[in-house]
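Hydrogens, waters and symmetry mates are skipped; everything else that's a heavy atom, side chains included, is used. Remember, it's 1-based here, ligands and their atoms both numbered in the order they're listed.
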Amino acid sequence: MPRVAVIEGDGIGPEVTSAALRVLAHVCARYNIDDIELVKAPAGDTALRVYGSPLPEESWRAIRSSDAILKGPVGETAGEVVVRIRRGLDLYANIRPARCMPGIECLRPQIDLIVVRENTEDVYIRAEYLHGDVAIALRVISRRASERIARVAFTIARTRRKKVTIVHKANVMTVTDGLFRKVVREVGEREFPDVEIDEMYIDAAVMDVVRRPERFDVIVTTNLFGDILTDLAAYVSGSIGIAPSANLGDNKAMFEPVHGAAFDIAGKGIANPTAMILCTAWMLKWLGEKFNKKNYTEAGNAIERAIEKVLGEKKVLTPDLGGSATTQEFTTKIIENIQ
Ligand code: ATP
């Protein structure tokens, strides 16, 4: 029985999560899915206020014993919650697709790429030291982590346009990025000879994501560069409210919207739940593959089709997309369009 931990999060988190759970309940009934066990796992700023910890022990237990985590955005405590889950469960691959959805005004309509970001190393290991007036940070890049993230990127590329671009700065960080580039290339050449390998410096890559994103299919990169590149790609492909992401490990996965807690619009009922609903669809497809359940995959696809239809019609949209619908009205429209 697939077990899913649900983190509502902060700010607009509870609103978009409740919208996503409404869609999930509907699609489960429609596709005869009756075996998902949902467990609420409070985490984030609200959890800190109520339970004295951003990730209370009981939540961590629920998360650890789940197959998948559906996570809403977390506010100030995001670092503590997200980093602990990613590292604690070894969710080493952060996957963020960026493509122009129907009906969405995109800076570059031709964008259709996936960023595969290494999620566990780099300067994000948080080993920073202060020696008097000098601050020092450690950057860790290992062969093992580079190999496994490379495999994820090449495997995804095989299902798409068969091209992987390694993004790095090996001309300056010759040892760390030098190793990353070398190992990713080796994996590609040895195990995925049918996939084209390309590489770019990070500074050139950010320019091209804006200028000519069609040159990219799958980008594989280290943690910090990936963090920056993915927000940029989300912006180029339209509203931040529509971009989902996944953190994948070998047996567990966490799905979360790219956007943050957006406190400025929290409680107003106008948040766009698209990213969170797309996370739910992605999670169903991932669970479908893991548990070999076709109806899960079909349910995930049905959600995606309904979202594309509603966005494409441009009639019922939330204010961030130029409409006047509330979160709940938009969600109802999605549900009505699930075939
Ligand atoms: P963080 O610092 O964690 O990234 P944030 O709330 O400061 O979080 P973003 O999530 O990047 O930043 O959002 C920036 C702005 O975009 C928000 O303040 C909000 O106005 C808008 N926004 C973000 N997500 C949504 C959404 N789902 N629906 C509508 N507007 C959104």
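Counting heavy atoms only, Ile265 comes closest to atom 31 (C) of ligand 1 of the residues Ile265, Asp10, Thr274.
Between Glu186 and Lys182, at least one side-chain N (NZ, or NE/NH1/NH2) sits under 4.0 Å from a carboxylate O, which counts as a salt bridge. Salt bridge annotation for Lys252-Asp67: absent, with no cationic side-chain nitrogen under 4.0 angstrom from a carboxylate oxygen. A salt bridge does not link Lys162 to Glu196: none of the charged side-chain nitrogens sits closer than 4.0 Å to a carboxylate oxygen. Taking 4.0 Å as the cut-off between side-chain N and carboxylate O, Lys285 and Glu298 do not count as a salt-bridged pair. A salt bridge between Arg185 and Glu199 is present, with a side-chain N of the basic residue lying under 4.0 Å from a carboxylate O of the acidic one. Of the charged side-chain nitrogens involved, none lies within less than 4.0 Å of a carboxylate oxygen, so that Glu121 and Arg139 do not count as a salt-bridged pair.
Counting protein heavy atoms under 4.0 angstrom from atom 19 (C) of ligand 1 gives one or more. Of the protein's heavy atoms, at least one falls inside 4.0 Å of atom 23 (C) of ligand 1. Protein non-hydrogen atoms do reach within 4.0 Å of atom 8 (O) of ligand 1. Distance screen at 4.0 Å: atom 28 (N) of ligand 1 has a protein heavy-atom neighbour inside the cut-off.
What sits closest to atom 11 (O) of ligand 1 on the protein, heavy atoms only, is Ile240 CD1, 3.7 Å. Regarding atom 3 (O) of ligand 1, its nearest protein heavy-atom neighbour is Gly260 CA, 3.5 Å.
Residue contacts with ligand 1: Ala262 is placed with a nitrogen or oxygen under 3.5 Å of a nitrogen or oxygen of the ligand (distance criterion only). Looking at ligand 1, you won't find any N or O of Ile12 less than 3.5 Å from one of its N or O atoms.
At a heavy-atom distance under 4.0 Å, no atom of Pro73 approaches ligand 1. Looking at Asp264 against ligand 1, only its side chain comes within 4.0 Å, counting heavy atoms.
For the side-chain contact (heavy atoms from CB on, under 4.5 Å) criterion with Phe225, the lone passing option out of Ile219, Asp203, Asp177 is Asp177.
Using cut-offs of 30° and 60° on the angle between ring planes, the pair Tyr201 and His168 is perpendicular.
Taking every heavy atom of Gly241 and a limit of under 4.0 angstrom, the matching atoms of ligand 1 come to 26 (C), 27 (N).
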